[in-house]
Amino acid sequence: MRIASFNVNSVRKRVPHIGRFLQKVQPDLLFLQELKCKTEECPTAEFRDLGYQVHAVGQPGGRNGVAVLSRIPFEVVCEALEGEAADDHARYIEVVAGGAHLAGIYLPNGNSGGAEGYAYKLRWMERLRRRAAGLLDRFQPLAILGDFNVCPTALDLAPGALPPTDALVRPKTRAAFQALCHIGLTDAVRALHPGNRIYTYWDYGPSFEANRGLRIDHALLSPELAERLVSAQVEIGPRAEEQPSDHTPLVIELA
DNA sequence: ATGCCTGTCGTAGACAGA
């Protein structure tokens, strides 16, 4: 099973990029983040023509938004992360496909909205940890893919790319990510590429050419799926295309 | 340390992103 994740920074602007990626890589499932549109505005026909069913979770106002595209049967388990009733951000989708729970996430950035914006990020990470722990307690195979907005260690950003106060690298952010891993989830890219500088995001402007990037898109795997992990690769091509997203896709292969 | 980018909303410029 091949599963991919791609923060597209507007799904409507990135239909050609997504289409080319699907045709080249042919993932069984692709999780999208930052749709930047309402649910009913998410393109579907273009992806159906390529053999993919679409389930989008959008939001009014042009912010956030997640979706799954799949060429295999799937069932949507939930469209929001439990634990905060008033939370209307479109940041979570969970499906069951191929016998596993697969979650696509767009974790809050945490740099806007002052102290409350950052507190929301930390609460969201704890809610994700609880959701994952509940599934692991029931021995459900689980993969969480998406834009985590966390550089887990110093290896995961170009030196000097972010100030140490940035919400993507603060100690509390990294601790929350570690807490998530320590319930029994494996960082797929790091498991197979322990010492490499690997990035999934480059700011618009000269950052890509200078390879001044961040590794903030991740795939975390439960023990059953980690044992089946064959490859975990960043697909760099889409970032070099015309009018790209600032992120590029991550692809994992499970035996 | 950010907004020299980009997208959305809405039709100027604020806000968010990371």
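Lettering of chains follows the sequences in order, A, B, ..., and the numbering in each one begins at 1.
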Considering only B:dA18, B:dT8, B:dA1, which nucleotide approaches the side chain of A:P163 most closely? B:dA1

Nearest-neighbour nucleotide for the A:R212 side chain, B:dG7, B:dA18, B:dA1 considered: B:dA1

Short question: side chain of A:D49, backbone of A:E46 - any donor-acceptor pair under 3.5 Å? no

Scan A:E34 against the nucleic acid and name what it touches under 4.0 Å (heavy atoms): base, sugar-phosphate only, or nothing. sugar-phosphate

Rounded distance (Å) that lies between atom P of B:dC5 and atom OH of A:Y201: 13 Å

Whole-Å distance separating the CG atom of A:D156 from the C1' atom of B:dA18: 15 Å

Residue met sooner reading DNA chain B from 5', once A:G61 and A:G113 are mapped to nucleotides: A:G61

Nearest to side-chain heavy atoms of A:K36, which nucleotide of B:dT8, B:dC15, B:dA1: B:dT8

Measure CG/A:L214 against P/B:dT2 and give the value in whole Å, please. 16 Å

Applying a 4.0 Å non-hydrogen cut-off, can you work out what A:F148 is touching in the nucleic acid: base, sugar-phosphate, or nothing? nothing

P atom, B:dG10 versus B:dT6: distance in rounded Å? 23 Å

Can a side chain N or O of A:N9 be found less than 4.0 Å away from OP1 or OP2 on B:dG7? no

Taking CG from A:D147 and C1' from B:dG17, how many angstroms apart are they, rounded to a whole number? 10 Å

Is A:N149 near enough to B:dA18 that one of its side-chain N or O atoms lies under 4.0 angstrom from OP1 or OP2? yes

Would you name the heavy atoms of A:G19 and A:F47 that are closest together and state the gap between them? N-CE2, 4.5 Å

Expressed in angstrom and rounded to an integer, what is the separation of A:R63 atom CZ from B:dC15 atom P? 9 Å

Choose from B:dG3, B:dT8, B:dA18 the nucleotide whose nearest atom is closest to any side-chain atom of A:D203. B:dG3

Base, sugar-phosphate alone, or nothing: which one does A:N7 contact when heavy atoms must sit under 4.0 Å apart? sugar-phosphate

Report yes or no: do A:T248 and A:E235 form a side-chain donor-acceptor pair below 3.5 Å? no

If you measure only the distance, is there a donor-acceptor pair under 3.5 Å linking the side chains of A:E94 and A:H101? yes

Walking DNA chain B from its 5' end, the first of A:D166 and A:P244 to be reached, judged by nearest nucleotide, is A:P244

So which nucleotide from B:dA18, B:dC9, B:dC5 ends up closest to the side chain of A:Y204? B:dC5

Considering every strand and a 4.0 Å limit on heavy-atom distances, what is the contact class for A:A161: base, sugar-phosphate, or nothing? base

Determine the interatomic distance between C1' on B:dA1 and the same-named atom on B:dA12; round to the nearest Å. 27 Å

Distance below 4.0 Å between A:S112 side-chain N/O and B:dA18 OP1 or OP2: no

Among the candidates B:dA18, B:dG17, B:dA16, find the nucleotide nearest to the side-chain atoms of A:I216. B:dA18

B:dT2 to B:dG7 separation - P atoms, rounded to the nearest Å: 24 Å

To the nearest Å, give me how far apart OH (A:Y120) and C1' (B:dA16) are. 14 Å

Quick one: are A:F74 and A:V68 in side-chain contact, heavy atoms under 4.5 Å? yes

Any side-chain heavy-atom pair of A:V25 and A:L30 under 4.5 Å: no

Mind calculating the distance between CD (A:Q59) and P (B:dA16) to the nearest angstrom? 12 Å

At under 4.0 Å between heavy atoms, what does A:N64 touch on the DNA or RNA strands: base, sugar-phosphate, or nothing? nothing

Out of B:dA16, B:dG7, B:dA18, which has the shortest distance to the side chain of A:R14? B:dG7

Taking A:K121 for its side chain and A:A167 for its backbone only, find out whether a donor-acceptor pair lies under 3.5 Å. yes

Looking only at the side chain of A:H247 (C-beta and beyond, no hydrogens), which of the listed nucleotides B:dA18, B:dT8, B:dA16 gets closest? B:dA18

Just the rounded figure in Å: distance from P of B:dT2 to CG of A:N109. 14 Å

